[in-house]
Chemist: 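Here's a structure for you.
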Number of protein chains: 2
Amino acid sequence: MIKIFIVDDHQIVCQGLEALLRDISEIEVVGCASDIPNLMSQIKGHYIHICVINVYETNEEEIEKIKQLKREVPNMNLLILSMSRSKDFILKTLKAGAKGYLTKDADRSELIEAIYTIRGGYDYYAKPITNIILKNYLRETDAEHQLQDQKEKSLSTREVEVLKLFGQSLTNKQIADKLFISVRTVESHKTNVMKKLNLKTTVDLVKFAIKNNIIEI
Amino acid sequence: MIKIFIVDDHQIVCQGLEALLRDISEIEVVGCASDIPNLMSQIKGHYIHICVINVYETNEEEIEKIKQLKREVPNMNLLILSMSRSKDFILKTLKAGAKGYLTKDADRSELIEAIYTIRGGYDYYAKPITNIILKNYLRETDAEHQLQDQKEKSLSTREVEVLKLFGQSLTNKQIADKLFISVRTVESHKTNVMKKLNLKTTVDLVKFAIKNNIIEI
DNA sequence: TAACTGTTTGCGTGAAACACGGAAATTCAT
DNA sequence: ATGAATTTCCGTGTTTCACGCAAACAGTTA
C-alpha cells in the first residue's frame, strides 16, 4: 500500500485528487492539507511515502518551504504539481528535494505513473520537463563561457521580506523600524532587487511584485 | 440531468473535479477545458447548464474573459471557484455575470450544493462571501448620506494622461518633456491625483492605476 | 583550512521625487 | 460675467533613489 498525502490550497481540489486515486487498491490517500506548514503539523507520527504538492506560487518562498519540509521529513518523497514551466523554478524544486514534477498538462494516468515510479525509487518528470532539464544540463556544462548574462538571479528571503512591506505601502522608515534595521539597509535591499531584476523604476518594482504574488493588489 | 463543464488550467484538477461529481447520477460532466477561450470553442452546439471555472488570476483580464463568455453564451450559468477573497474581485465576477462563487475552503458537498442551487435558479455564494457582499451593499446604500466626502472625485484628462505615462515607468522629467510642461507640473498632477483618491504612497498609486486599467501590468 | 560566493548590514554623495502650501492663467458651464 | 475646475508653475524642506563602497557573516567548495 502506497501512502499518499495531498497538499493543495483548494479543498475541493484536494478532494478531487483524492477521488482520482480512490479506486486504486494499492494507493491510499491518508489525508490532505492546505499548505506545507499545515502538512507538517498533520503528518507527525505518520509514515507517508509520497506527498503530492500542488504549488501555485512559483516564488522563492515556496521553494524555501519545500526545502524546510524535506529537512523535517527527509524520508517522504515529494511530487510537485505546478503550472510553472520556468526552468528556473523546476530546477529549484528538484534541488530542494522533489522526486518528481508534473505540469498542468499531466492527467490522471501520468499522476499514477509518477506515483509508481517514485515508489520504485526513481525520479519522475513529466515529458515536457525532461527536455527542459536536459537543455539546462547541456547549457550548464556548456555555460562556463556565458555565465555572466544568464545568471538567473533570484531574490533572497530578506529582499522578499522588504519587498512585501514595501508593497503594503510602508515607507522605508517604517520598514526599517519593523525589521530593526537602518533605512539605508532597506534602500540597499531595494536597489539590489532592482539590479537583480534589471528594473529601472519603482513602478516596475511594484508591477514585478504584483506579477509574482509578492504583494496583493 | 445537469450538464456541467469544467474549466481549470490543470488537467489533473479537471479530472479530479469530474471524479468528485461522477457518482452523482443527476450530474453529468460533459467536458473540460484549460481556459475560457478553449471552453468557448469546445461547447459550440452543446447546451451546458453550469460551467465551473477555477480562476487562478484575479486580474481585470480574467473578468473581461468572463464577461465575454457571458456575452457569447448567455444562458450558461457560471460558478466561480477562486482563492481570492478580495471584495473587489468577487463583486466584479458577480457583476460580470457569475451565478455563484466558491472560495478555496469549500469542499465537495458545497460544490454540489452550489450546483443544485444554481440549477434551481438561485445564486450561490460561499458563506464567507455573503458577508463580504452584504457589507459592501450596506456601504453602498448607506453612502447617500456621506456623499460629500465620498465624492467620486474623478480624474481630469490631463491627470490620467500623466498617470498613464507614469505607469509606463517614465520619470517625471520624461513625462514633462513628452507633454511639454515642467517637471513641477507633473508633480502637481501626481499629488493632486493622490489627494483626490486619498492615496499615500507611490505604491498605492500604481495599484490604483492597475486596478482601473489606466496602466498595463 | 582557505578561498569563494552570496547575504545582510551599513555609509557618503548628489540627483530625483514627494509633501505642503501658494498662485496665476485658462477653460467652461450657468 | 461670475464661480468652479483645470492646468500651469514655484519655494522650501524631507524622503527616496542611483551609484559606489565595504565590513561582518554564512554556506559551499577546493
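From a predicted model like this one, the values you see are computed outputs, not experimental measurements. Labels below follow one simple rule: chain letters A, B, ... track the order of the sequence lines, proteins then strands, and each chain is numbered from 1.
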Chemist: With the side chain of A:S182 defined as its heavy atoms from C-beta on, choose the nearest nucleotide among C:dT8, C:dT7, C:dC11.
Modeler: C:dC11

Chemist: Return the value, rounded to whole Å, for the distance between atom CG of A:D204 and atom P of D:dC17.
Modeler: 13 Å

Chemist: Does anything in residues 165-181 of chain B come within less than 4.0 Å of DNA chain D? Heavy atoms only, and list the residues if so.
Modeler: B:I181

Chemist: Output the rounded distance in Å from CE (B:M194) to P (C:dA17).
Modeler: 13 Å

Chemist: According to a strict under-4.0 Å criterion, is B:H189 in side-chain N/O contact with OP1 or OP2 of D:dT7?
Modeler: no

Chemist: Would you mind reading off the distance between A:K190 atom NZ and C:dT7 atom P, rounded to a whole angstrom?
Modeler: 19 Å

Chemist: For a quick check, with a 4.0 angstrom heavy-atom cut-off, what is the B/S/- contact string for nucleotides 21-30 of chain C, read 5' to 3'?
Modeler: ----------

Chemist: Atom CG of B:N192 to atom P of C:dC18: distance rounded to whole Å?
Modeler: 13 Å

Chemist: Tell me what B:S156 touches on the nucleic acid: a base, only sugar-phosphate, or nothing, going by heavy atoms under 4.0 Å.
Modeler: sugar-phosphate

Chemist: Check whether any side-chain nitrogen or oxygen of A:K196 sits under 4.0 Å from OP1 or OP2 of C:dT7, and answer yes or no.
Modeler: yes

Chemist: Among residues two or more places apart or on two chains, list those pairs meeting side-chain hydrogen bond (donor to acceptor under 3.5 Å, both in side chains) that have a residue in residues 1-14 of chain A.
Modeler: A:K3-A:E28, A:D8-A:N54, A:D8-A:Y56, A:D9-B:K104

Chemist: I'd like to check the salt bridge (Lys or Arg N to Asp or Glu O under 4.0 Å) partners of B:E18; sequence neighbours left out, ordered by chain and number.
Modeler: none

Chemist: Mind grabbing the angle between the end helix axes of the helix from C:dT1-D:dA30 to C:dT30-D:dA1? Five pairs an end, 10° rounding.
Modeler: 40°

Chemist: Out of D:dC9, C:dT8, D:dC17, which has the shortest distance to the side chain of A:R158?
Modeler: C:dT8

Chemist: Between the side chain of B:K99 and the main-chain N/O of B:M76, is any donor-acceptor distance below 3.5 Å?
Modeler: no

Chemist: Atom CD of B:E187 and atom C1' of D:dT8: how far apart are they, to the nearest Å?
Modeler: 13 Å

Chemist: Who pairs with A:K178 by side-chain contact (heavy atoms from CB on, under 4.5 Å), at least two apart in sequence or on another chain?
Modeler: A:L165, A:L170

Chemist: Residues in ring pair (Phe, Tyr, Trp, His ring centres under 6.0 Å) with A:Y47, at least two apart?
Modeler: A:H49

Chemist: Which part of the nucleic acid does B:T185 contact within heavy-atom distance under 4.0 Å: base, sugar-phosphate only, or nothing?
Modeler: base

Chemist: Apply side chain to side chain contact (heavy atoms under 4.5 Å, CB included) to residues B:E161 and B:R158 and explain how you reach the verdict.
Modeler: CA-CA 5 Å; B:E161 209 169 352; B:R158 200 59 159 173; 3.2 Å; yes

Chemist: Less than 4.0 angstrom from a charged side-chain N to a carboxylate O is my criterion; do B:E62 and B:K65 meet it?
Modeler: yes

Chemist: If I take atom CG in residue A:L199 and atom P in nucleotide D:dA18, what distance separates them, rounded to the nearest angstrom?
Modeler: 10 Å

Chemist: Under the rule for salt bridge (Lys or Arg N to Asp or Glu O under 4.0 Å), what residues qualify as partners of B:R108, not counting sequence neighbours?
Modeler: B:D23

Chemist: State which residues pass side chain to side chain donor-acceptor pair (under 3.5 Å) with A:K173; sequence neighbours excluded, sorted by chain then number.
Modeler: A:D177

Chemist: Please enumerate all residues that pass salt bridge (Lys or Arg N to Asp or Glu O under 4.0 Å) together with A:K70, with sequence neighbours excluded.
Modeler: none

Chemist: I want to check one thing: is the phosphate of D:dT6, taken as OP1 and OP2, less than 4.0 Å away from some side-chain N or O of B:T157?
Modeler: no

Chemist: Measure from CG on A:L205 to P on C:dA16 and round the result to the nearest Å.
Modeler: 20 Å

Chemist: Partners of A:D35 by side-chain contact (heavy atoms from CB on, under 4.5 Å), sequence neighbours excluded?
Modeler: A:P37, A:N38

Chemist: Roughly, in whole Å, what's the span from NZ in A:K200 to C1' in D:dC19?
Modeler: 16 Å

Chemist: Identify, with sequence neighbours excluded, every residue that meets salt bridge (Lys or Arg N to Asp or Glu O under 4.0 Å) alongside A:R184.
Modeler: A:E187

